[in-house]
Structure formats: structure tokens, C-alpha cells
Number of protein chains: 2
Amino acid sequence: MNSKIKEKPKVELILETAGEVFAEQGYNKATIRDICKRSGVNLAAINYYFGDKERLYLTVLKYYRELAIQKYPLTFGINETDTPEEKLSNFIHTFICRFLEEGKTALFGKLLAREFTESTGALDVLVEDFIRPTFIKLSSIIREIMGNKSPDKKVELCAMSIIGQCLYFRNARPVVFRLRHKEGYTDKDIKEITKHIINFSLKGLVNN
Amino acid sequence: MNSKIKEKPKVELILETAGEVFAEQGYNKATIRDICKRSGVNLAAINYYFGDKERLYLTVLKYYRELAIQKYPLTFGINETDTPEEKLSNFIHTFICRFLEEGKTALFGKLLAREFTESTGALDVLVEDFIRPTFIKLSSIIREIMGNKSPDKKVELCAMSIIGQCLYFRNARPVVFRLRHKEGYTDKDIKEITKHIINFSLKGLVNN
DNA sequence: AATTGTTTCAATCGATTGTTTAATTTATAT
DNA sequence: ATATAAATTAAACAATCGATTGAAACAATT
């Protein structure tokens, strides 16, 4: 009757809502009831379309992964003609954007950032498909900066330092916001943080 | 009858067990049933002695806080005669030990580290009583190294970078262990990590 | 129009959780 | 010894969650 407007397929609707809920609440705290309510679908819809909660979550990951890798190509915004320092800057900047931007394109990054501290059964696959390649990419940049003679272990530790800084100010937001007496990050905050992490890390990588 | 051996008071027994369970599982995943089972007490004991789960958790925090501040004086192992760089080294070393050591003295640190990424209702108090003082202490050391002219914001960001590195390799263990194809940290690992974070951060703080 | 397959729905199941109760046991004090 | 209080227990309660059911509504096909 009101069919002039083509309704969004229910599966897609659920996936989008579920992605937001999982990113907000984490896998465990997110409830099927909440997702269904926000989607305006019946409680049984998720089990009908996806089987169970876990398979919904896996489908959500696949769904947003597509959006993510299509917006952020695997190059991490890095040109091979860039200097190593430029490459690291771009890497850090891109890495932070991937879980900080508003909108759907950053949802995969948010879900991924959660897996670091609240792992689910999907972590094994996520590590091999995304996290390890990201670390390898970062490690290669670090090696360019530090020189080929740098031992693997040292490179690995430096990669941890960089990722650790980035994830801290996302995952430890409850503490950060209280310390600052200020809720949320402004765009200016994010720019400053990004710039700081780049500077701090570039200096940290200097060989002595 | 068998009263030659003085039994440990039940309240204390529950507190110790509960601390371990909360540190292992986090507040939400820890169940009263599990704590009671491990303590060998009846299911109703916790509500009888502590009222409810939340007040048990708060009491656990207070209990282990005592052990912690008595083992780790608020000085963070820092002598005022140390150089600023030595102070930072000692701070990072102490900070990491506080949530990595085995045994009961590190339990408060483990609970605190959890609050960064899985906050509970206790976070507000914990921030004011422990986390903020720790940041202030760290900030004062950073200021000594970077010079008095350094803007507050810059010092704050550097403190975040240092804490972020330390917490990463504790809270992101699921990912780290998979990346390394190795479960757990050896004492050697911990020493290397600590040494690395100290070096990386000292270089990051250098003014240019 | 009848049949078939798909989707939607309210209702409910089964398991887990924090919490409470009411009865019993143990300890303490008079 | 007896009375009172404290501690302990098994059982159940209430709320929440993921999952399932079976009937109804809808769409598509024959």
C-alpha cells in the first residue's frame, strides 16, 4: 500500500543496528532484545535470519569489514614514495580514524578495538585476517625507520608501543574523560592526540 | 573440636577468593555462585556478610588497597635524589609490577587495570583516590624531564602515552599472545617489555 | 483459487543470575 | 541449663537472557 517507498531489507536493517549495539555495548552486554527493539523487528527475527547471536555477530563483522576495506584500502593511506616517517604518520592517522570517526565506516574499527580487551570467539579469525597484517605493515614501517639491523623483538615491542598508545585513548575513555572532567573527544582533541602520538613515537623509534 | 587450628574468618576468606575471581573474570562475568563455591561457603553468605555483589566488590577493593599501599608506598619507589630519568624508570617499573606480579599484592593493580576498559560503579572513587594521583605523580616526573615551560596539555598527552603502553600489554593479552603464538609472559618477557617502555618513553619525552 | 514456501508474531521454554526466605544449627550470654 | 543472638543451610524467588515454538499473515507459483 505505502509501497512507493522501497523498504530496507530486514536483514540489512538488523545488521546495521546490531553493529551499532555491539560497538556500543560489547558482545556480552548487547542483547538480542535491544537489537530487535531498535530495529523494530520481532524478537524471533534474529534467530530466524542468523541462527543465533554468535552467528549474527560474525555476520556483522563480515558486513562492516566490507565497508571498512572499501573506504580504507589496505595500504593504510601510504604511498611507497613517502618517507618512512611520513608512512608512520599516515599509518597512525589512518589507524586512529578507523575507530574514531562517526558513521558506519568506523564501526568495524570500533568492533576490532573491543576485541583487544573483550575478546569473543571471533578473535582468532580477526587476528589472522586483520590484526596480524596490520602489525606486519606497521613493523615494516618501523624497520624502515630503525634500520634493517634492528632485531625482530625490538621492532615488535615498538609496534606494541604505538598500537598501545592509540588503543588507550579509545578503550580507556571512561578514565580519560574523568581525568579531564570532560566527556567525549572533540575534533580538535583527536587532531592533537594523533599529532602527539606521531611525534612521541617517531622520537621513540630513534636509534641511539 | 578440631579447634587447635585457628580457622580463617569467613569474611576474610570470601574477600580473598572474590578478589581473585574479580581479577580473573571481571566484575560482570564473576558470579556469586563461583565465589561461594571456591570459598567453600554457602550461596547466601555473601549477601549475609556484604549485602550484595556490588558492596562485596567495593569491600574487595578496599581490602586489597590496604595490601597494595602497604607493599607499594605512594612514592612509586622514587627517591627525590634520583635523576628525573631514574624517577621515570622506577615509576614505569613499579607501575607494571603493581599489576603483573603473582600473589595477592598485585591483585589491586589487576582490578584497577580492569577498570580502565571495563568500568564499574566504583570508577569515580578509584579515579580520584588512585588513578588521578598516579597521573599527577607521573606528570610531575614528565615535567622535570621536559622542562617547566612544557604546556599542561603536552604533559598530559605524554602521561597517556606511557600509561597506554603499560596497560596495553596487560589488557590486550588475548591479542598479544595470539600474535606471538605464545601464551603468557615469562619473567624475561616482562623485563624486556619494561625496559623497552622505559627506553621508548624516555626518547619520546625528549624536546626538540 | 488453491497450494506452497516465506516471513512475522506472541508466547514460552530453559538456563543463569543476583537475591531472599525460613528453618536449622551453632555460639554466646545470663 | 536456658534463652537469646549469630551464623549457616537448602530451597526458592524474580529478573534477564538466548533460544524455540506453532500459529497466523503474507507472497509467489501453479
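Chain A is the first sequence line, chain B the second, and so forth, proteins listed ahead of strands; every chain is numbered from 1. Just so you know, these numbers come straight off a predicted model, no measurement behind them.
With sequence neighbours excluded, no residue forms a side chain to side chain contact (heavy atoms under 4.5 Å, CB included) with B:P133. Taking the side chain to side chain contact (heavy atoms under 4.5 Å, CB included) definition, one finds that B:R178 meets it with A:L123, A:D124, A:V127, B:P174, sequence neighbours left out. Every residue two or more places apart in sequence or in another chain was checked for a side chain to side chain donor-acceptor pair (under 3.5 Å) with B:E85, and none qualifies. By the side chain to side chain donor-acceptor pair (under 3.5 Å) test, B:S201 is found to be paired with B:Q165, residues two or more places apart in sequence or in another chain being considered. Every residue meeting the side chain to side chain contact (heavy atoms under 4.5 Å, CB included) condition with B:E66, not counting sequence neighbours, appears here in chain and number order: B:I69. Every residue two or more places apart in sequence or in another chain that forms a side chain to side chain donor-acceptor pair (under 3.5 Å) with A:T120 is listed here: A:E115.
Rounded to whole Å, the distance from OH on A:Y27 to C1' on D:dC17 is 12 Å. Between the C1' atom of D:dA7 and the CD1 atom of B:I14 lies a distance of 11 Å, rounded to the nearest Å. Between the CG atom of B:L43 and the C1' atom of C:dT21 there is a distance of 12 Å, rounded to whole Å.
Ring geometry, B:F169 versus B:Y185: the interplanar angle exceeds 60°, so the pair is classed perpendicular (tilted spans 30 to 60°).
For the segment residues 50-62 of chain B, the set of residues with a heavy atom within less than 4.0 Å of an atom of DNA chain C comprises B:D52, B:K53, in numerical order. DNA chain D lies under 4.0 Å from at least one heavy atom of each of the following residues of residues 32-41 of chain A: A:I32, A:R33.
Pairs passing the salt bridge (charged side-chain N to carboxylate O under 4.0 Å, His left out) check and including a residue from residues 86-102 of chain B, sequence neighbours excluded, read B:K71-B:E101, B:E80-B:K87, B:K87-B:E144. Annotation: side-chain hydrogen bond (donor to acceptor under 3.5 Å, both in side chains) contacts involving residues 18-33 of chain B, sequence neighbours excluded, comprise B:E24-B:R38. Sequence neighbours left out, the pairs with a member in residues 39-52 of chain A that pass salt bridge (charged side-chain N to carboxylate O under 4.0 Å, His left out) are A:D52-A:R55.
Using a 4.0 Å heavy-atom cutoff across all strands shown, B:I46 reaches no nucleic acid atom at all.
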Using nucleotides 4-8 of chain C, report all nitrogen or oxygen pairs with the protein that are shorter than 3.5 Å.
unit_1, atom_1, unit_2, atom_2, d
C:dT7, OP2, A:Y48, OH, 2.6
C:dT8, OP1, A:K10, NZ, 2.7
C:dT8, OP2, A:Y49, OH, 2.4

